[in-house]
Protein chains: 2
Amino acid sequence: MKYIEKLRNSGLRPTKQRLQICEVLFDTQKTFHFTINELDQKIKNKTNNKISLATIYNTVHAFEKKGYLKQIPINSNQTYFDTNITDHHHFYDLKYGKLIDLENSDVGPINIKRKIDGKKIKSIEVLVKLED
Amino acid sequence: MKYIEKLRNSGLRPTKQRLQICEVLFDTQKTFHFTINELDQKIKNKTNNKISLATIYNTVHAFEKKGYLKQIPINSNQTYFDTNITDHHHFYDLKYGKLIDLENSDVGPINIKRKIDGKKIKSIEVLVKLED
DNA sequence: CACCAATTTAGAACCATTATAAAGTAGAGT
DNA sequence: ACTCTACTTTATAATGGTTCTAAATTGGTG
């Protein structure tokens, strides 16, 4: 299994649950956005096998910490994650609450002119809200 | 009172509670960021007068809808608001969970090249995460 | 002043997320 | 393989921010 190495290398034991979650998250051509509940549904659909919600939360947070997932900064009652971990941005369709990827080249270079002493920039994220 | 007109003009009745909230939010030189609980505290401190949490939520949302406040898109368990409604962006200090204003001129013009049919851009918000 | 719609309020309800503690499991060492 | 220990999973409870509810209050018009 291709994910066993990946998990071991990050110091995460390759458990059955984590491998199943990897398959749902990373066995696709396209990257995608999801909430925990959507992921829970996907897992049930794909594997006919319920994984405890607590495990899904734990795993998603572990993957995020390891850099396999990104949280999307957005105001919503639910947290959105992204399997696309490349440098990119988002449209947010306010009417439908839907996210759309914006490639870095769709936004153009962003040059932050101000510096904060002792801090360095970890990420620059652009959220473009859309209305009708 | 200078806020009575402002409220009336927006179709909001100038109630005692709304006027007190206006004073806490807008009677300052500097703009600031806040959560609902922080605002609740500020109100208690400034006016020795508790306003029901439900009213604070209602009022903040009403003010946001009228454009007197902005929500800051950020991943947190609490919603952050900003009394600075000009076009601007934010640093987010991950270590201390603190927001710092970034003027538009600190970021430079952002030109979104991609269009979504039938949608128009309502806002463009940049979040720059800082680490040590 | 009287009335009606808007507003406030306390408290309950909601719901995403986190904590808990017991049962199960992976993997190193024997 | 077996054992042991630390890590992981799990169901469930707890937490906490936010929204809902329904009754009381209030602003403003006539």
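Order of the sequence lines sets the chain letters (A, B, ...), proteins ahead of strands, with each chain counted from 1.
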> Select one nucleotide: of D/dT8, C/dT8, D/dA11, the one nearest the side-chain heavy atoms of B/Q17.
C/dT8
> Would you mind telling me which of C/dT8, C/dA16, D/dG28 lies closest to the side-chain atoms of A/Q78?
C/dA16
> So what does A/T79 touch, heavy atoms closer than 4.0 Å: a base, only the sugar-phosphate, or nothing?
sugar-phosphate
> Looking for any heavy atom pair under 4.0 Å, which part of the strands does B/T15 touch: base, sugar-phosphate only, or nothing?
sugar-phosphate
> Assess, by modelled atom type and distance only, whether the side chains of B/Q78 and B/S76 contain a donor and an acceptor separated by less than 3.5 Å.
no
> Just to confirm, is there a sub-4.0 Å distance from OP1 or OP2 of C/dA16 to any side-chain nitrogen or oxygen of A/N37?
yes
> Between C/dC14 atom P and B/L53 atom CG, what is the distance in whole Å?
19 Å
> Counting heavy atoms from C-beta on, name the nucleotide in C/dT9, C/dT17, D/dT26 closest to the side chain of B/R13.
D/dT26
> When rounded to the nearest 0.5 angstrom, what is the spacing between CZ in B/F34 and CG in B/L39?
5.0 Å
> Ignoring backbone atoms, test whether B/R18 places a side-chain nitrogen or oxygen under 4.0 Å from the OP1 or OP2 oxygen of D/dG27.
no
> Going by atom types only, do B/T35 and B/N37 share a side-chain donor-acceptor pair under 3.5 Å?
no
> Let me know the distance between CZ of B/R8 and C1' of D/dT26, rounded to the nearest Å.
13 Å
> Just how far, in rounded Å, is P of D/dT10 from CD1 of A/I21?
9 Å
> If you round to the nearest 0.5 Å, how far is CG of A/N9 from NZ of A/K66?
10.5 Å
> For A/D82 and A/H90, which I'm curious about, is there any donor-acceptor pair between the side chains at under 3.5 Å?
yes
> Return the nearest nucleotide to the side chain of B/P14; candidates are C/dT8, D/dG28, C/dT18.
D/dG28
> Check every atom of D/dT8, C/dT17, D/dA11 against the side chain of A/S52 and return the nucleotide holding the closest atom.
D/dA11
> Grab the CG-P distance between A/L7 and C/dG27 for me, whole Å please.
10 Å
> Rounded to the Å, how far apart are A/L19 CG and C/dA26 P?
10 Å
> Quickly work out the B/N58 CG to D/dT19 P distance and round it to whole Å.
9 Å
> Whole angstroms only, please: what is the NZ-P distance between B/K65 and C/dT7?
12 Å
> Of the nucleotides C/dA19, C/dT17, D/dA6, which has the atom closest to the A/A54 side chain?
C/dA19
> Which whole-number value in Å describes the distance from A/E5 CD to C/dG27 P?
11 Å
> Would you indicate which nucleotide in D/dT18, C/dA16, C/dA6 comes nearest to any side-chain atom of B/Y57?
D/dT18
> Going by atom types alone, do A/Y68 and A/S10 pair a side-chain donor with an acceptor below 3.5 Å?
yes
> Among the candidates D/dG28, C/dT9, D/dT10, find the nucleotide nearest to the side-chain atoms of B/T55.
C/dT9
> Go through C/dT17, C/dT7, C/dT9 for me and flag the one nearest to the A/I36 side chain.
C/dT17
> Looking at C/dA16, C/dT17, D/dT19, which one has an atom nearest to any side-chain atom of B/H61?
D/dT19
